[in-house]
Every structure is written in C-alpha cells, then in structure tokens.
Amino acid sequence: MSGTSPKPSKFAPYKEALAALSKRTRTPLPSLVVSFAVLHELTAILPLVGFFYGARTLGVGEKLVRAVAQPESTVADAQSEAPSAFVSRLRDSWAGERFQEWMVEGEIRAERVGRRYGWFGFEKGSKMDNATPEGQSVQAASALVSGRIAGDVANAVVAYALTKAFLPVRIGISLWMAPAFSRAFVRPIGSAFARIFRR
C-alpha cells in the first residue's frame with residue numbers, strides 16, 4: 001500500500017475560498033465560479049488597457065524598460081547618468097527578477113498580438129522569426145537587455161508586467177465582487193437562458 005496522498009490541485013485554495021464565500025453569501029457555487037472567472041478576466045483586461053494608455057500618455061514605457069531590464073553600465077550609457085542605488089537594488093531583488101520575467105513574457109505577447117493584428121508597428125499576418133517558445137523567450141530576453149524595445153511595444157510590456165504584478169489584488173477584488181456580480185448579472189442571464197430553452 002502506498003502511504004502517499006494525491007497531490008492537491010493548484011486550484012484547491014480557490015475552490016475552498018469560493019465554497020466558503022458561497023456558503024456565507026448564500027449564492028450558488030456555479031454562478032459564483034462564473035462570476036469570479038468573468039471578473040478575473042475583466043480585472044486583467046481593464047488594467048492592461050489602462051496601464052498601456054497611461055504609459056503611452058506619460059511616455060514612461062521605454063524608460064521603465066531600460067531602468068528595470070538593462071545592466072547598470074548600459075543604463076548609465078543610455079541615460080548619460082549613473083543609475084540610482086534604488087534602481088540597482090530593485091533590479092537585483094526578487095521583485096526585480098519577477099518583473100523582468102514578466103517583461104519578457106509581455107514582449108513575446110506584444111509581438112504575437114502585434115503581428116496578428118498589425119499593431120505596434122508590426123506587419124499584419126507576418127510570421128515570428130523564431131517559432132519555438134524557447135527561441136522566442138531567448139530572443140525577447142536579449143531584446144529586453146539590449147534596449148531594442150521601444151514605443152508602443154515598451155508600453156505594452158510595461159502594462160503586461162504591471163498587470164501581472166497586481167495579480168493578488170485582482171484575485172481579491174474578483175472574490176469580493178463575485179457575489180454581487182452573480183446576483184446582478186450571472187443569475188439573471190442564466191434564468192433568461194433557462195426560460196428560452198424551457199419553451
């Protein structure tokens with residue numbers, strides 16, 4: 001006999017939180033789950049768009065990419081001044097490393113979306129240079145470090161990284177708003193569909 005228990009799902013904490021929330025608010029669990037999923041996506045899309053246009057309006061996308069991604073000597077050369085000690089410590093910290101990873105992911109996604117829809121200066125329908133995910137990651141990381149990311153691609157990269165950084169806040173907001181969203185939207189829409197299919 002094996003004494004090991006099955007590995008818990010990575011969604012187990014969310015299921016437990018939603019079940020407790022369902023019981024406490026007397027909202028059916030299926031509509032609560034749908035509400036959470038919709039709100040989670042909304043809390044990703046809205047900040048992504050907001051951060052993108054905020055970075056674009058303020059002109060900070062390229063500056064943030066350079067400050068966080070590049071080694072000190074490259075930043076100093078690019079800005080003709082020594083980087084602050086805060087930026088150096090941030091870049092070398094756990095948070096800086098996470099932010100750099102998210103920026104690489106953001107660059108890959110920005111290029112993919114840009115090529116698909118013809119945004120960010122990419123030709124619509126053009127193919128990516130390196131089709132493998134590993135190759136794309138290496139290419140994006142080198143573009144990030146070399147400072148070749150500019151314009152709206154830099155704004156998109158910053159927006160993606162900031163949206164990823166706010167994930168815990170987004171989950172909390174989604175959980176908090178799920179019961180009200182379920183009562184206001186999901187349950188009425190579900191009832192309307194049920195009436196249509198009962199006829």
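Because the structure is a prediction, the values reported are computed rather than measured.
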query: Does the side chain to side chain contact (heavy atoms under 4.5 Å, CB included) test come out yes or no for M103 and Y160, once each step is laid out?
result: CA-CA 7 Å; M103 289 172 78; Y160 181 84; over 6 Å; no

message: What verdict does the ring-ring contact (aromatic ring centres under 6.0 Å, His included) test give for F51 and F166, after you've listed the backbone C-alpha separation in whole Å, the side-chain angles of each residue and the deciding distance to 0.1 Å?
response: CA-CA 11 Å; F51 287 139; F166 278 98; 5.7 Å; yes

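Within a 6.0 Å radius of CZ in R116, other residues, nucleotides and ligands contribute 12 heavy atoms or fewer.
Residues I171 and F36 come closest through the heavy atom pair O-CE1, 4.0 Å. What you find for T25 and P179 is that their closest heavy atoms are CG2-CG, 3.8 Å. Of all heavy-atom pairs spanning P168 and A165, the tightest one is CD-O, 3.6 Å. Shown here for S31 and V186, the closest heavy-atom pair between the two residues is CB-CG1, 3.7 Å. Here the closest non-hydrogen pair linking G61 and A154 is C-CB, 3.8 Å. Shown here for V153 and A110, the closest heavy-atom pair between the two residues is CG1-CB, 4.4 Å.
A side-chain donor-acceptor contact under 3.5 Å links E62 to the backbone of G151. Within the 3.5 Å criterion, the main-chain N or O of T27 finds a donor-acceptor partner in the side chain of S22. Side-chain atoms of S182 do not come within 3.5 Å of backbone N or O of A178 as any donor-acceptor pair.
Here the OG1 atom belonging to T57 is positioned 9.5 Å from the CZ atom belonging to F52, to the nearest 0.5 angstrom. Separating the CD1 atom in I173 from the CG atom in L42 is a distance of 11.5 Å, to the nearest 0.5 Å. For the atom pair CG of L46 and CG of L39, the computed distance is 10.0 Å after rounding to the nearest 0.5 Å. In this structure, CZ on R115 lies 4.5 Å from CD on E111, to the nearest 0.5 angstrom. Going from atom CG of L48 over to atom CG of L162 covers 9.5 Å, rounded to the nearest 0.5 Å.
Look at K164 and E101 and you find no salt bridge, because none of the NZ, NE, NH1 or NH2 atoms lies under 4.0 Å from a carboxylate O.
For the pair D152 and W119, the minimum side-chain heavy-atom distance is 4.5 Å or more. Using a 4.5 Å cut-off on side-chain heavy atoms (C-beta onward), L21 and L32 make contact. With a 4.5 Å cut-off on side-chain heavy atoms, R170 and H40 count as touching. Under the 4.5 Å side-chain criterion, counting only non-hydrogen atoms from C-beta, R187 is in contact with P28.
With hydrophobic clusters built from ILVMFWY side chains whose heavy atoms lie under 4.5 angstrom apart, F197 shares a cluster with I189.
In this pair, F185 and F181 present their aromatic rings tilted. The plane angle is within the 30 to 60° band.
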